[in-house]
Chemist: 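I have a structure I would like to understand better, so I am pasting it below and will then ask my questions one at a time.
Quantities reported herein were computed from a predicted structural model and do not represent experimental measurements. Lettering follows sequence order; numbering is per chain, from 1.
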Amino acid sequence: MKTRMRTFCHLIRLVAWRTLLRDRMRSLITILGVALGVAVVLAIRLANDGVLESFRNSLDHVAGKSGLQVSAGEVGFDENLFPVIAGTPGVARAVPVVQAITPVAGLPGEVLLVLGVDVLADAGIREYRGPTPELADPLQLLTEPDAILLTERFARAHDLDVGTSIRLVTPTGPKPFVIRGLLRDRGTARTMDGQFAVLDIAAAQLHFGKLGRLDRVDLLPDEGADVDRVAAGLRRHLPPEVTVERPEARNAQVEQMLASFQLNLFVLSLIALFVGMFLVYNTMSVSVVRQRRQIGILRALGVSRGQVLLAVAAEGGVIGLMGSALGVALGVGLAKATLGAVSQTVSSLYAFIRPGELHLPATLILQAIVLGCGTAVLSSLLPALEAAAVTPRETLAAASLERRHHPWLLFCAGLGLALAAYGLAQAGPVGGRPLFGYGAALCLLLGATLFCPAVLLVFQRALAAGLAGSRLIPGWMAAGNLGRALRRNAVTIGAMVVSLAMLVSVSTMIQSFRQTVEIWIHQTIRADLYLSRATRLIKGADARLPVGTLDEVRRTPGLAEADGFRGLRIEDGRGGRFLLGAGDFDVMARRGRLLFRGGDSAAILQEARAQDRLIVSETFAERYHVKEGDEVTLHPPGQTIRLRIAGVYYDYTTEGGLAVMDRGLFQRLWRDPWLNSIVIYLQPGADPQAVRHQILQRLPARDDLVVISNQGLKARVLEIFDQTFAITYALEVVALVVAALGILNTLIASVLERTREIGILRSVGITRGGVLRTILCEAAWSMGS
Amino acid sequence: MIRLVDVSKIYDGAGARVAALANVSLEVAQREFVALMGPSGCGKSTLLHLVAGVDLPTTGEIWVDGRALARLSDHALSQFRRDRVGIVYQFYNLLPTMSAWENVALPALLAGVPARVARERAEERLRLVGMLHRKDHWPHELSGGEMQRVAIGRALVNEPPVLLADEPTGNLDSKAGREVLELLARLNAERANRRTPL
């Protein structure tokens with residue numbers, strides 16, 4: 001065993017390594033291709049993990065030691081339920097919480113997660129430690145409603161200190177708070193990477209417009225108590241809209257919510273590595289063809305087939321190892337940029353996050369290296385098998401020749417794969433994930449690459465016949481060269497086919513989707529102006545407008561009509577969320593033009609208003625398997641109701657789906673006075689800019705309000721759309737770069753193999769330009785086929 | 001030492017069967033120095049390749065150093081080529097990615113000889129063929145005669161019982177060719193008790 005290992009090491013050192021060194025340029029190109037593939041996969045993995053880690057940390061830090069949490073979604077619940085919760089058997093300690101994500105005035109882009117807690121009771125659940133002695137006197141927070149605790153990290157980053165003030169933008173207006181203490185960077189203070197603040201609960205209720213309401217109660221069950229039994233007891237005593245769950249259940253919800261998004265990114269990131277496999281295969285094939293005679297010599301000297309196979313696979317492994325090492329370094333750099341882009345998309349679509357620093361665990365580095373090496377070794381297997389098939393007799397071979405292959409047999413195999421792809425595409429998703437779809441895409445891509453040799457053969461023959469005897473000598477010669485290394489050229493073209501196919505299909509899909517969104521926004525965004533808070537685009541942030549804003553807006557000259565919209569994120573009881581909306585169906589019927597799956601928009605809305613019905617988005621209908629006429633169960637405070645669906649309409653604003661009712665019905669059921677946005681229709685001839693200016697003047701204290709024009713809103717929607725898919729395009733471009741490296745690799749191989757032939761051509765009078773034109777023609781024919 | 005019984009080798013060419021060897025029988029004893037002579041295409045190289053285990057006969061039996069080659073597995077045949085025969089080709093067949101001493105040491109390394117010992121052995125063989133002063137040179141830096149001397153050194157490194165040379169002077173000028181033949185004869189004379197060059 002030891003001897004075999006030693007022999008194998010000698011083969012690696014003297015054969016595989018030396019071959020890589022001899023073909024430095026091609027080796028470097030291949031290593032770079034593998035590195036790019038590994039880098040993209042690692043970067044996406046790091047960004048995905050970073051986002052999840054950020055969620056988990058924030059949820060874990062905020063949850064502290066609590067074993068159970070009582071909550072009721074965005075709307076919260078009546079604080080009178082607190083004694084019921086605290087008095088439930090098995091509950092050792094109950095701590096009420098009001099929570100808000102809120103922007104910091106004067107610090108653009110900065111957001112704080114503010115926790116309103118009972119400072120005397122909360123220490124039992126969460127740990128607060130600070131460098132400032134003021135923390136020792138929590139009464140200061142109780143006696144001063146504008147007192148706030150910040151994290152030391154946030155304060156240091158913004159030159160803030162104890163005694164200075166900070167302005168937070170609350171739903172009741174921007175409010176100054178005096179910093180009364182700083183929290184050391186540990187435990188709860190690490191929530192949202194230090195973007196965290198603490199208020200007294202009464203002050204939080206006052207400032208955040210939540211008087212009499214709680215967002216959550218964190219519970220510490222009795223020692224030894226059965227947590228599930230305690231939860232069941234709580235559920236029996238609480239109204240149906242209130243949920244009781246373990247804090248880790250929320251982690252699972254977040255992971256489920258992000259799973260599809262992250263899986264798609266990960267699969268897309270694999271494309272570059274997949275294209276990289278072609279590159280390695282190509283390099284190794286060329287290497288085997290060029291070394292056929294040397295392999296024959298080795299076989300004549302006593303190297304066995306197995307040793308040859310291992311040596312060639314090891315050559316691929318060395319490429320993989322070096323590519324992976326470089327890929328890890330590139331990937332970490334790329335991940336920093338990717339994390340920003342992924343976080344931005346996640347914050348826009350799912351929930352607000354503030355990613356912390358990137359962590360690069362050793363296991364992930366190891367996984368990346370194993371992935372890169374495994375891919376390279378796998379890609380080397382066919383060439384390795386071909387090398388192992390070389391007989392010692394081939395020491396007599398006068399020239400290195402490609403082994404025969406069967407393009408039409410491969411074509412038939414490609415047809416088989418295309419049929420398999422069709423079959424897989426008919427299968428449904430598995431656990432909501434299109435696993436068979438990915439399989440179909442893979443079969444289709446592999447099938448397309450198997451078509452390449454036959455297509456190239458037909459193309460090359462036609463080209464050679466067409467150009468034979470013509471004055472386009474470089475083109476004629478290039479056509480001949482193309483046919484001499486048919487399989488290798490087919491592999492290069494296959495790699496290009498894969499990356500181009502992915503780029504075209506993903507671009508087509510995105511463009512088609514964008515076109516749909518464009519049509520949709522032009523149909524549905526019909527008001528002249530839209531008013532909301534700047535935080536509306538941050539998922540999870542408090543975006544409520546102050547009570548009375550709609551009345552104030554309606555008094556602005558030049559207005560024809562204004563309508564408010566309220567949106568509440570509702571837990572669906574299955575680990576997901578949807579948005580419950582409320583608007584004036586009368587205004588929407590007269591002014592708007594929602595695109596319904598069937599029926600007249602105005603008639604559906606009037607019917608829904610008159611008969612207390614819902615309209616739901618197509619996403620909602622598909623997600624919860626409901627249709628027109630079905631009933632939806634909702635849990636407004638203290639009751640359970642069933643509302644019939646009047647219509648299903650197209651909407652692309654939410655991922656989880658949207659159910660909308662008339663505001664009159666909503667206020668009857670939820671008794672919620674808040675609005676999130678206002679749509680404004682102007683009188684004919686009114687100047688939108690002038691009205692916008694007047695509205696902002698009427699609401700002077702609200703410097704976080706945004707009034708955006710019809711065109712501005714449409715542009716913003718498309719901007720978010722493009723931003724969401726920017727990373728997808730970036731991944732495709734990387735795959736295309738890897739494929740381009742493949743072409744370069746093939747051309748270099750072609751030139752290296754024909755050095756002698758090129759010399760002969762030069763000696764018979766072909767100019768440098770002529771040689772260059774021949775090689776360029778060869779590249780053009782390859783791509784043309 | 002070497003025994004061929006009714007050995008034939010037929011190649012399937014493009015639409016035609018070519019008999020390179022037909023019913024050849026031959027015996028070579030230990031310490032014999034045998035030269036095969038004949039016109040081009042008469043099957044000299046084919047015969048050597050069959051004896052070296054590089055190729056297998058279509059019919060007949062070949063025994064070398066007590067082994068029936070047709071009964072050896074591919075792995076055993078590889079070991080046979082590595083340990084029991086040394087081959088010198090007309091076109092040298094040195095590996096271009098290795099220096100002179102590495103080329104010579106390779107069969108020893110493949111046989112599991114420790115690197116230090118293999119290097120010492122390679123240098124000793126290079127000294128024997130008069131090429132020690134060029135041990136660190138690459139094949140492309142050597143002349144035809146020098147490459148062939150290195151190839152002979154390589155063929156001797158594992159001290160095989162049989163040394164085969166396929167037109168070792170065919171690619172050399174007359175002076176270099178004479179030197180190589182003298183070298184082979186000297187090796188046979190000096191080391192006659194240890195191996196049987198053919």
Chemist: Of the non-hydrogen atoms in Ile87(B) and Ala300(A), which two are nearest, and what is the gap between them?
Modeler: CD1-O, 4.3 Å

Chemist: What distance separates Leu109(B) CG from Cys9(A) SG, expressed to the nearest 0.5 Å?
Modeler: 11.0 Å

Chemist: Quick one: what part of Leu94(B) sits under 4.5 Å from any heavy atom of chain A, side chain, backbone, both or neither?
Modeler: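 Looking at Leu94(B), just its backbone touches chain A.
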
Chemist: To the nearest 0.5 Å, what is the distance between OG1 on Thr391(A) and CG on Leu56(B)?
Modeler: 10.0 Å

Chemist: Tell me, for Ala118(B) versus chain A, whether the close heavy atoms (under 4.5 Å) come from the side chain, the backbone, both or neither.
Modeler: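 For Ala118(B), neither part sits under 4.5 Å from chain A.
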
Chemist: Rounded at 0.5 Å granularity, tell me how far CZ in Arg18(A) sits from CG in Leu95(B).
Modeler: 10.5 Å

Chemist: Not counting sequence neighbours, which residues clear side chain to side chain contact (heavy atoms under 4.5 Å, CB included) with Ser143(B)? List them please.
Modeler: Glu146(B)

Chemist: Carefully, step by step, assess Arg293(A) and Asn93(B) under the rule side-chain contact (heavy atoms from CB on, under 4.5 Å).
Modeler: CA-CA 8 Å; Arg293(A) 191 181 169 88; Asn93(B) 279 349; 3.0 Å; yes

Chemist: CZ of Arg154(B) to CD1 of Ile297(A): how many Å apart, nearest 0.5 Å?
Modeler: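 Answer rounded to 0.5 Å: 6.5 Å.
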
Chemist: Quick one: list whatever passes salt bridge (charged side-chain N to carboxylate O under 4.0 Å, His left out) with Glu141(B), sequence neighbours left out.
Modeler: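 Partners of Glu141(B) by the salt bridge (charged side-chain N to carboxylate O under 4.0 Å, His left out) criterion come out as none, since no residue qualifies.
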
Chemist: Compare every heavy atom of Arg82(B) with every heavy atom of Gly302(A), then report the nearest pair and how far apart it is.
Modeler: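 Heavy-atom minimum between the residues: CA-CB, 3.6 Å.
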
Chemist: What pair of heavy atoms forms the shortest contact from Val303(A) to Arg81(B), and how long is it?
Modeler: O-NH2, 4.4 Å

Chemist: Given the options Gly86(B), Ala52(B), Pro96(B), which has more heavy-atom pairs under 4.5 Å with chain A than any of the others?
Modeler: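 Greatest number of close heavy-atom pairs with chain A: Pro96(B).
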
Chemist: Tell me, side chain or backbone of Arg22(A) under 4.5 Å from chain B's heavy atoms, or both, or neither?
Modeler: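 For Arg22(A), the contact with chain B is made by the side chain alone.
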
Chemist: Identify the heavy atoms of Ser78(B) and Ser304(A) that sit nearest to each other, and give their distance.
Modeler: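 So the minimum-distance heavy-atom pair works out to OG-CA, 3.4 Å.
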
